Undergrad: 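Please see the structure below; I have some questions.
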Amino acid sequence: MQETDLSNQATVLASATDAIIHAEKIEKYYAQPSENRIQVISATDLSIVPGEILALLGPSGSGKSTMLRMLTGLSRPSAGEVYWHGKPISQAEINVSIVFQSFALFPWLTVLENVEAPLQARGVAPDERRERSMRMLDTVGLDGFEGAYPKELSGGMKQRVGFARALVVEPEVLFMDEPFSALDVLTAENLRSELLELWANKNMPTRAVFIVTHNIEEAVLLADRIIVLGRNPGHIRTDFKVQLPQPRDRKSEGFTQLVDYIYKVLTRPDVSPDEAPDHQHPVSKARDQRQMKYQMLPHARPGGVAGLLELLLDKGGCDDFYRMADDLAFEIDDLLPIVDAAQLLGFLKVEEGDAVITPAGTEFANSEILRQKELFRDAAVNNVLLLRQITRALEMKSDHTIPEEFFLDLLDEQFSEEESQRQMETAVAWGRYAELFDFDAARRRFMLPDAQGEEIASGGDEE
Amino acid sequence: MKIQQTFSRSLVAVRTWPFVTDLSVALCGMAVFFAVVRMGAYWLAKPTPAVFISHSVGALPLYAFYSIVRIGIAYLLSLAFAVGYGYIAAYNPRIEAWMVAVLDILQSIPVLSFLPGVMLAMMALVPGHQLGIEMGSILLIFTGQVWNMAFSFYSSLKSIPREMIEASRIYRYSAWQRFWQLEMPFASIGLIWNSIVSVAGGWFFLIACEMFVLGDRDFRLPGLGSYLQTAASANPVDLKALLWGLGVLVLIIVATDQLIWRPLIAWSDKFKFEQVESSDRVTSPILTLLQRPSVLTKLPVRAWNSLEESMYRRLSTTAECRIVQPVDAPRKRAGWVSIIAGLVVCGAVLWGAWNALHLIHGVSWADMRLLLLGAGATYLRVTASLLIAALWTIPVGVMIGSSPNLARILQPITQVIASVPATALFPVLLLGLIQLGGGLGVGSIALMLLGTQWYILFNVIAGAMAIPSDLKEAASVYKFTRWQRWIRLILPGIFPYLVTGMITASGGAWNASIIAEYFHIGDKTLQTLGLGAQISAATDQGKFSILLLATVLMATMVVTMNRLVWRKLYHLAETRYKLES
């Protein structure tokens, strides 16, 4: 214990001086015409040190990708500075690569030409270019495919080309942006273990790997250090070292404990994370989420909420997230919005990494469709400010119709333009399901439902 | 095995082909050289005061050659301009909105309304040479072709996937490498399809330019357009020459399609931005022939490669290739050069506008009234031609589109008919109209119809073919009446296509009005009340104030119509009547 503590301290110290990339108080925000601005990522410190695989985990909307782009110099932070070996990144000749989620291969170039292109940009002579590329293709197992076009290859093969292209420039840091999420489970598993092999055998010249993922198991499987990001705005919730020996066994107790711990952190955004399980050492803790006027509506469908609650009821009203995600073959980005939505509506509670159904939730899950709608309506009006505002405003206006823009303007004060649109879409889906209002998609206007709808609405009020 | 194969017939054939290809390529090179010399000699010659246009069949090859050169030069100019314009617009956020707005307006202005003005200006600019008129006609074809190409290139650049751009940035591509390995390949398919449309439109303008006569001033250029017109004006009508002329025109268009566009489309297949290879590919024997390695194709490739290598080596030391450039770089402060350039442009625009206003000031109320009347008349004609076109094309198009057999037989035929530029048929049609004794007032509607109906027909056919068969089956399962079928299924189904066709057709109709309302045939000038006729007549009489006002009036009307009617319908089509798969 003592020993690990010491070594940990050492890395923390080292990170300030020896870090390859060091980010100091980097922030990202978008200025709005009005006074307030939309904060995407709040001031964050982060270092990438040699010799480790660092995984960045977080729910969608926590700014994982933005963080990666700021660290690679693809995106300028709104405030703060990123340093490359102590030199501001905008002036340094950095040597990094990115493996992209969508592969980002050039479909009109052959596999070999794709891998050669970065070398061409660096002015490497044709013969050397060719030789280095062929060697790299050989390393990633693409021997014989150099003349093929990317569209002739399967997803896994394409990503191999992506890896070859990334490694051929011998990057000091290899960045990966959800590199396996566009692949099927088996292919992803295969590529992951090959990557670990390359890394362990020092077959790649890379000194550090930075992987962005929303797959918890993937992070625990690969990483030496995990950073979990929170939302609204993006911030570091916890940052710890993984001391499990490689190769890691998914079934081992340490592994499942760690996965459970991360689920707990992710599903309870309002609570600051407690200590990581025994053998983990939090490097830093981050502050809580900011309070905002509108809650962030999770982008889940009412049908998904109903489905989850029914499943939970079948399991006796209480289940572990990890198991639930496993049963459904969901990743956290699929599951979390539904859990968040159920929680927001008061149908579900999160306790210690478990989901527990509430009495309201039980009633909802047991009801038939019309009653479900009523319950949903009540829960939505009571718990969701935006839906309450829309309904009130519709009732007050004499013609009972309001343009969408009116509410979009309100949301724009708090969310980015894109997020406002998505918030609105979710609100429309919920409101339509609950028969709170109708939405004319062609004219982009809200309106009260017709006479038949009003009857149900008044029936609901009597309760 | 191997020895036997060497003697097999197929291999012998393969061996002989490259020789033939090489020979023909060499011959082509010599022909091009001769053509340049010939064209140069002709252009730098003094303009013949009264252009004599022959209508003997023997003159046809030379005339066709002149026409092709004109359209080729105009096309190359448009391509270069479109790429430059699109590039600047896409990467300069400060002026992007302006440049796109300019593009949008210029795209919808009827180019032919500038025909008289541009011809006069160019003649004044290059006095004493044939070059003046030639430049005028090339400039007009250019303005007719360039906007949709520029727009296509611009929107391609804007739709390059984010991660592709990021890949090019993180791997530190130079602008040069980015252009050839990312931007140009990505934009190429859109550019090729738009080039096809543009060149088809170019023929329309070219023929119009070549046959243009203003009162007693003869701007005609030796070419297919003037040949057709002369043949139609001859007394008695030289029917044989007319048919020959039209035949050569169709031949050129079909040959362009087969020898240039088809190989290009087949070649551009590799630039399709797709993750999985699609099954239906366009094939072209010409392309296969050209792709066969031979000395003549290898040599330039090698020369190009060595040039490129040294270029890349030099570029790799620049800052752009050493430091990762952010995708979202904050806007740079405008440099002195761009501020001064901006001021100069603003100044020039203001000066021009001020002078134009001054010019318009002199227009009397009576003239103004006449102009407005003319505008109304032309507007009615355009609307009438659109309605008539829609009335016959919708039923016919739906019929062709919903029967695969019929479509297979009729589509190539209609395509060939439609490929003949409407302006080439004007003289023929006018002859018929004069024989019948009809005036140009009604006749010009027929002329407009000639050019515009095809756009609508093709779009309706495409729309009818795109109606999903399960919807058709549902309609028959639920026993829709014929009326219900049209109202609930067919009309909504073809609506987006119909709107697209009508927008293009309306642009074409306005353009056609310039020559449809004022036409020179034989020794007569036919004209009728209309804005198009007024533009031509004003130029003829040197009334520049009226010319300017009429041109502005027409442009305004077209742009307003686009904004108020077409854009709304288009939006409706995109949102409500879009069949999503």
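The structure displayed is predicted, hence computed values, not measured ones. In what follows, every chain begins at residue 1, and chains take the letters A, B, ... in the order their sequences are listed.
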Undergrad: Taking the side chain as C-beta and beyond, is there a heavy-atom pair between Arg69(A) and Arg169(B) under 4.5 Å?
TA: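 Side-chain contact under 4.5 Å: no.
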Undergrad: Crowded around Tyr570(B) OH? As in, over 12 foreign heavy atoms under 6.0 Å?
TA: no
Undergrad: Where does Phe100(A) contact chain B at under 4.5 Å (heavy atoms): side chain, backbone, both or neither?
TA: both
Undergrad: Pick one of side chain, backbone, both or neither for Gln101(A), based on which atoms fall under 4.5 Å of a heavy atom in chain B.
TA: both
Undergrad: Given heavy-atom pairs under 4.5 angstrom as the criterion, report whether the side chain, backbone, both or neither of Ile170(B) touches chain A.
TA: both
Undergrad: So with a 6.0 Å cut-off around CH2 of Trp261(B), is the heavy-atom count from everything else above 12?
TA: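 Yes, the 6.0 Å shell around CH2 holds more than 12 heavy atoms from other groups.
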Undergrad: May I have all residue pairs that pass ring-ring contact (aromatic ring centres under 6.0 Å, His included) and include part of residues 159-180 of chain A, sequence neighbours excluded?
TA: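 Sorted result for residues 159-180 of chain A: Phe175(A)-Phe210(A).
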Undergrad: Any side-chain heavy atom of Trp84(A) sitting closer than 4.5 Å to one from Val324(B)?
TA: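 Trp84(A) does not reach Val324(B) side chain to side chain.
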Undergrad: Phe106(A) versus Phe186(B): any side-chain heavy-atom pair under 4.5 Å?
TA: no
Undergrad: Report the option among Gly155(A), Ala117(A), Pro171(A), Pro126(A) that has the most heavy-atom pairs separated by less than 4.5 Å from atoms of chain B.
TA: Ala117(A)
Undergrad: More than 12 heavy atoms of other residues, nucleotides or ligands under 6.0 Å from CD of Gln484(B): yes or no?
TA: yes
Undergrad: Determine the option with the most heavy-atom pairs under 4.5 angstrom with chain A, choosing from Ile165(B), Leu182(B), Leu315(B).
TA: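 Of the options given, most contacts go to Leu182(B).
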Undergrad: Chain B heavy atoms under 4.5 Å from Ala166(A): which part of the residue, side chain, backbone, both or neither?
TA: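 Answer is both: backbone and side chain atoms of Ala166(A) are under 4.5 Å from chain B.
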Undergrad: Is it true that a side-chain atom of Tyr171(B) and a backbone atom of Val169(A) form a donor plus acceptor pair closer than 3.5 Å?
TA: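 Looks like no, no N/O pair under 3.5 Å.
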Undergrad: For atom CZ of Arg488(B), decide whether the heavy atoms of other residues, nucleotides or ligands shown that lie under 6.0 angstrom number more than 12.
TA: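 Atom CZ in Arg488(B) is not crowded, with 12 or fewer foreign heavy atoms closer than 6.0 Å.
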Undergrad: Is Gln177(B) close to chain A through its backbone or its side chain, or both, or neither, when contacts mean heavy atoms under 4.5 Å?
TA: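 Side chain of Gln177(B) only, per the 4.5 Å heavy-atom cut-off to chain A.
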Undergrad: So if I take each residue of residues 152-163 of chain B and look for any heavy atom under 4.5 Å from a heavy atom in chain A, which residues do I end up with?
TA: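 Listed by number: Arg162(B), Glu163(B).
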Undergrad: If you measure from CG on Leu119(A) to OH on Tyr312(B), what distance do you get to the nearest 0.5 Å?
TA: 12.5 Å
Undergrad: Against chain A, label Leu572(B) side chain, backbone, both or neither, depending on which of its atoms sit under 4.5 Å from a heavy atom there.
TA: neither
Undergrad: Specify which of Ala92(A), Ala121(A), Gly123(A) makes the most heavy-atom pairs with chain B at under 4.5 Å.
TA: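 Most heavy-atom pairs within the cutoff with chain B belong to Ala121(A).
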Undergrad: At a 4.5 Å cut-off on heavy atoms, which part of Ile94(A) comes close to chain B: side chain, backbone, both, or neither?
TA: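 For Ile94(A), heavy atoms of backbone and side chain both lie under 4.5 Å from chain B.
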Undergrad: Given heavy-atom pairs under 4.5 angstrom as the criterion, report whether the side chain, backbone, both or neither of Arg129(A) touches chain B.
TA: side chain
Undergrad: Do the side chains of Arg172(B) and Pro118(A) get nearer than 4.5 Å, heavy atoms only?
TA: no
Undergrad: Is chain B contacted by the side chain of Ser154(A), its backbone, both, or neither, given a heavy-atom distance below 4.5 Å?
TA: neither
Undergrad: Does Arg178(B) CZ have over 12 foreign heavy atoms under 6.0 Å away?
TA: yes
Undergrad: Can you name the closest pair of heavy atoms from Leu105(A) and Met164(B) and give their distance?
TA: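 Distance-wise, the nearest heavy atoms are O-CE, 3.4 Å.
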Undergrad: Counting only heavy atoms not in Arg132(A) (residues, nucleotides, ligands), do more than 12 fall under 6.0 Å from its CZ?
TA: yes
Undergrad: Taking CZ in Arg432(A) as the centre, count heavy atoms belonging to other residues, nucleotides or ligands within less than 6.0 Å. Is the count above 12?
TA: yes
Undergrad: Begin with the C-alpha distance, continue with both residues' side-chain angles, and end with the deciding distance and a verdict on side-chain hydrogen bond (donor to acceptor under 3.5 Å, both in side chains) for Gln181(B) and Gln120(A).
TA: CA-CA 11 Å; Gln181(B) 288 191 358; Gln120(A) 200 172 14; 3.0 Å; yes
Undergrad: If you draw a 6.0 Å radius around NE2 in His85(A), do more than 12 non-hydrogen atoms from other residues or ligands fall strictly inside?
TA: yes
